[in-house]
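Next up is a structure, given as structure tokens.
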Amino acid sequence: MSLDQFLKRPQEKRKQKKEEEVIFKELEQEEVEKLKEEKKVKPKKEDLKKPVSEDGESLEGIILDVGYDGQNAKAYLWIYDLNTQTLKKWLDTSGHLPYLLSNLDVTEIRTHHANVLRHRGFAELKTIKKFDLLRDRPIKMTKVIARDPLSIGGRINSIRNMLKGNSWEDYIRYHKCYAYDRQIVLGMPYQIRDNKLNPIQPEISDSIRTQILKLFESEKEEYLLALDQFLGYFFSPIPNIKRVAFDIEVFSKADRIPDAGKAEEQIIAITFAGTDGLKRVLVLKRDDVEKGERISECEAELEIVASERELIKEAFKILEKYPIVLSYNGDNFDLKYIYHRAINHLGFQKAQVPIYMTTTPQSEVAHLKNNIHIDLYKFFHNRAIKISAFRNMYSDVSLDTVGKTFLEEGKVCLEQPISELCLHELGYYCLHDSELTLDLTTFNNNLIMNLIILLMRITRLSMEDLTRQGVSTWLRNLFYAEHRARAFIIPNPEYIQRLKGEASTKAMIKGKKYKGAIVVKPHPGVHFNVVVLDFASLYPSIIKTWNLSYETVNCKHPECKENKIPETPHWVCTRKVGIMALIIGLLRDLRVKYFKSKAKDKEISKDEQNMYKIITQSLKIIINASYGVFGSEAFPLFCLPVAEATTAIGRDAITRTQNRCAELGIEVIYGDTDSVFLK
DNA sequence: CGTAGCTGCTTACCT
DNA sequence: ACAGGTAAGCAGCTACGC
């Protein structure tokens with residue numbers, strides 16, 4: 001089948017594959033009806049900020065976040081309404097419910113695990129078909145459906161604990177489960193009409209279509225299917241989302257960094273800079289501090305506020321008007337400080353504060369109840385962003401350094417401690433930081449925001465998650481979504497390890513898990529007329545061409561055992577295309593065969609060229625990280641045989657290159673991983 | 001007692 | 001909390017010679 005034929009009927013194809021899903025849907029619909037009858041679903045109106053439902057209002061927008069609304073017992077989406085430039089909360093109307101999968105059949109559960117059926121949140125048992133990639137066979141599973149996520153897991157008496165050892169996919173957070181099943185792509189445009197959610201398909205011009213068609217003519221159907229899906233992510237327009245950056249200043253003695261958890265000192269300034277041109281400078285009136293002279297560079301009027309309470313209240317009012325709020329270290333400082341200051345020192349009730357904190361083992365996150373909060377410090381701190389996207393351009397992640405790197409402008413230099421500045425100086429200093437923070441997302445035609453949206457689409461993560469999490473979470477989410485979309489069981493780490501085992505090679509470095517790349521000892525001296533050769537994205541290419549994936553390496557089929565991987569006892573499947581090889585290969589091909597040349601195409605407009613550059617950049621980050629995660633326990637689909645197969649094939653390629661050079665009498669004066677320096 | 005040589009640890013850089 | 005490989009600095013230990 002050609003791509004063209006294929007693209008003409010993607011919807012039909014999908015429907016066929018989704019028959020099973022339709023059955024679930026009907027089932028779930030019944031469930032919801034039942035629940036409604038039981039009056040267990042009581043929507044509380046005041047919690048919903050303009051629900052998009054009741055009056056059949058229609059809406060077009062970009063999905064930015066997904067979550068679970070406990071009071072309404074439904075999944076919800078935050079959608080950025082393109083018309084009003086506001087966030088709309090949309091509650092699920094499909095009746096999707098939380099569930100886990102069990103390898104026990106319905107009668108087994110009924111007879112031997114009757115406590116599951118007696119669980120107060122239990123809803124229904126349903127037999128479904130799944131495919132087990134590791135054993136390469138279809139299996140029947142029981143879907144154990146519950147009315148709320150906590151009945152599945154998270155409590156001592158949750159259903160997953162009753163089915164311990166026989167339950168699957170029970171650790172996936174419900175809102176993720178919902179997004180996977182509905183195949184919701186965060187960052188993509190959707191339409192809501194009659195309270196139903198539908199994706200808006202991007203228009204791809206005929207010339208682009210034929211160009212791409214030629215490139216991928218010889219690929220298999222499953223490749224084309226995935227191609228069709230991913231192409232949409234790159235060709236859907238990205239809106240410039242309305243947003244505001246803010247910064248606070250806190251009184252401090254002797255220039256000590258204040259403790260945001262205690263928030264003992266006064267907040268003396270809060271400033272804002274928005275994409276709509278808004279600039280606000282709120283400073284606290286202090287009897288012992290002069291107002292001072294107006295600073296000519298300051299583009300906003302100073303607003304002196306009489307009390308700290310008023311200052312914070314006004315700040316909350318401003319934040320409310322923007323769908324996205326930007327901060328630099330807001331998770332650990334600014335928003336956290338305001339939160340604790342308001343509640344512990346200024347007598348605010350929790351309900352009056354639009355901020356709430358969540359604590360994970362790694363770090364704290366400050367959430368806004370009605371907006372998306374991006375902490376740019378965390379985003380720029382991400383190693384993949386720092387190294388892969390920006391080639392280590394900034395040495396540390398301070399606002400000053402990052403600002404200087406991208407905006408050629410750092411923070412305002414101060415000669416006095418903050419607490420001693422006159423109000424005008426204080427306001428100017430604080431506003432400048434807000435402006436810098438905003439500019440970090442607007443420079444170069446909104447490069448950073450566009451990059452964030454593209455990465456959201458590829459990884460299917462929400463804006464808040466993508467900007468805070470590392471690449472192992474990004475790739476985990478991408479692969480989980482792809483498993484669900486194909487009705488593949490998501491294997492847990494123990495299952496992969498049990499079937500695939502440990503690494504077989506020994507690392508050069510003590511404490512490492514397997515052998516890595518070859519580095520040719522440099523020949524000392526000054527060399528002239530040196531030629532450098534290297535492989536283009538070696539590891540991702542290996543993963544694609546050798547069909548490497550957790551299920552294809554050391555597969556079950558006897559006939560594949562002949563297909564040996566050099567330098568290892570491993571072999572690789574000849575019958576099935578590996579899921580990892582498929583996705584990584586596709587992303588690599590799109591980058592190398594199409595977008596890379598587009599980014600340099602002089603025939604197209606500068607803006608278009610720029611967009612293609614950002615697309616190549618986003619692909620590069622994902623591709624570069626893909627090999628690494630296979631060797632990392634932090635990645636739940638990690639598989640050491642896959643990781644060591646990748647490096648072993650890489651070593652083989654470079655060694656054979658070296659040997660060929662020796663045959664030809666060319667001296668290899670240096671080489672590292674994927675390159676040779678020749679003289 | 002002084003020191004060569006080892007190990008372990010860290011940090012920075014390479015792909 | 002994406003991987004391994006190389007190089008260098010430093011502290012602390014041990015074996016060995018005087």
Side-chain angles (χ1 to χ4, degrees), chain A residues 360-365 378-379 381-397 455 458-459 461 465-466 468-479 493 502-524 532-543 548-550 553 567-568 580 583-584 587-588 618-655 657-658 668-677:
Chain A
T360 60
Q362 297 100 13
S363 68
E364 277 178 292
V365 178
K378 283 206 175 139
F379 182 68
H381 200 79
N382 183 316
R383 260 188 81 223
I385 295 298
K386 208 171 145 184
I387 296 169
S388 237
F390 299 118
R391 307 181 132 262
N392 245 334
M393 278 156 68
Y394 46 94
S395 48
D396 62 283
V397 198
L455 287 169
I458 300 171
T459 63
L461 278 167
D465 285 347
L466 182 109
R468 285 175 178 79
Q469 312 285 72
V471 278
S472 76
T473 307
W474 295 5
L475 284 149
R476 178 187 70 196
N477 207 60
L478 165 58
F479 285 121
E502 296 291 329
S504 63
T505 53
K506 247 188 110 76
M508 308 292 286
I509 307 167
K510 217 173 176 178
K512 299 286 184 189
K513 290 159 289 195
Y514 58 91
K515 205 174 169 85
I518 285 177
V519 180
V520 182
K521 254 221 162 358
H523 293 192
V532 183
L533 304 180
D534 64 22
F535 292 98
S537 42
L538 179 68
Y539 287 171
S541 307
I542 290 172
I543 290 169
L548 301 182
S549 189
Y550 72 88
V553 170
E567 287 188 65
T568 66
M580 315 289 211
I583 304 293
I584 295 164
L587 295 176
R588 188 213 83 105
S618 65
L619 286 169
K620 181 181 166 189
I621 305 171
I622 303 282
I623 293 162
N624 281 356
S626 60
Y627 145 73
V629 297
F630 288 130
S632 164
E633 290 97 332
F635 180 60
L637 299 174
F638 91 108
C639 182
L640 294 181
V642 171
E644 71 174 342
T646 312
T647 56
I649 296 163
R651 287 195 300 277
D652 185 57
I654 206 81
T655 308
T657 310
Q658 270 183 285
V668 181
I669 58 169
Y670 177 65
D672 188 345
T673 312
D674 63 352
S675 66
V676 280
F677 290 55

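In what follows, chains carry the letters A, B, and so on, assigned in the order in which the sequence lines appear, proteins first and then strands, with residues in each chain numbered from 1.
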Remember a base hit wins even if backbone is also touched, and classify F630(A) as base, sugar-phosphate or nothing at under 4.0 Å, heavy atoms. nothing
May I have the distance from R651(A) (atom CZ) to dG5(C) (atom C1'), rounded to whole angstrom? 11 Å
For F390(A), what residues pass the ring-ring contact (aromatic ring centres under 6.0 Å, His included) criterion, not counting sequence neighbours? F406(A)
Pairwise salt bridge (Lys or Arg N to Asp or Glu O under 4.0 Å) hits with a residue in residues 532-541 of chain A, at least two apart: none
Give a yes or no on whether the backbone of S504(A) and the side-chain of T568(A) come within a donor-acceptor separation of less than 3.5 Å. no
Any heavy-atom pair between the side chains of T647(A) and T505(A) that's under 4.5 Å? no
Side chains of F535(A) and I654(A): closer than 4.5 Å at any heavy-atom pair? yes
Please report the distance, rounded to the nearest Å, between CG in L538(A) and C1' in dA3(C). 13 Å
Could you note down all residue pairs passing salt bridge (Lys or Arg N to Asp or Glu O under 4.0 Å) where residues 632-655 of chain A supplies at least one of them, sequence neighbours left out? K513(A)-E633(A), E567(A)-R651(A), D652(A)-R656(A)
5'-most contact on DNA chain C: S632(A) or K521(A), nearest heavy atom basis? S632(A)
Using the salt bridge (charged side-chain N to carboxylate O under 4.0 Å, His left out) criterion, which residues pair with R588(A)? Sequence neighbours excluded. none
Whole angstrom value for the distance that separates C1' of dT15(B) from CG of D534(A): 10 Å
Pairs: protein N or O with nucleotides 8-10 of chain C N or O, under 3.5 Å:
none

Is any side-chain heavy atom of R476(A) less than 4.5 Å from a side-chain heavy atom of F635(A)? yes
Please state how far atom NE2 in H381(A) lies from atom P in dC2(C), giving the value in whole angstrom units. 11 Å
I622(A) CD1 to dC2(C) P, straight-line distance once rounded to whole Å: 13 Å
Atom CD1 of I387(A) to atom P of dA1(C): distance rounded to whole Å? 15 Å
Output the rounded distance in Å from CG (L475(A)) to P (dA3(C)). 13 Å
OP1 or OP2 of dA1(C) less than 4.0 angstrom from a side-chain nitrogen or oxygen of S472(A), does that happen here? no
Using a cut-off of 4.0 Å on non-hydrogen atoms, how would the nucleic acid contact of G628(A) be classed: base, sugar-phosphate, or nothing? base
Side chain of V519(A), heavy atoms from C-beta onward: which of dC2(C), dG4(C), dG5(C) has the nearest atom to it? dG5(C)
Look only at the side chain of S632(A) and the backbone of V629(A), and say whether a donor-acceptor pair between them is shorter than 3.5 Å. no
What is the distance, rounded to the nearest whole Å, between atom NZ of K515(A) and atom P of dA3(C)? 19 Å
Between T473(A) and A517(A), which residue's closest nucleotide on DNA chain C lies nearer the 5′ terminus? T473(A)
At under 4.0 Å between heavy atoms, what does A507(A) touch on the DNA or RNA strands: base, sugar-phosphate, or nothing? sugar-phosphate
Nucleotide N/O of nucleotides 7-14 of chain B paired with protein N/O under 3.5 Å:
unit_1 : atom_1 : unit_2  : atom_2 : d
dG8(B) : OP1    : K510(A) : NZ     : 3.3
dG8(B) : OP2    : K510(A) : NZ     : 3.0

Taking the side chain of V629(A) as its heavy atoms from C-beta onward, which of dT15(B), dG4(C), dC2(C) lies nearest to it? dC2(C)
Answer yes or no: is there a side-chain heavy-atom contact under 4.5 Å between V553(A) and C639(A)? no
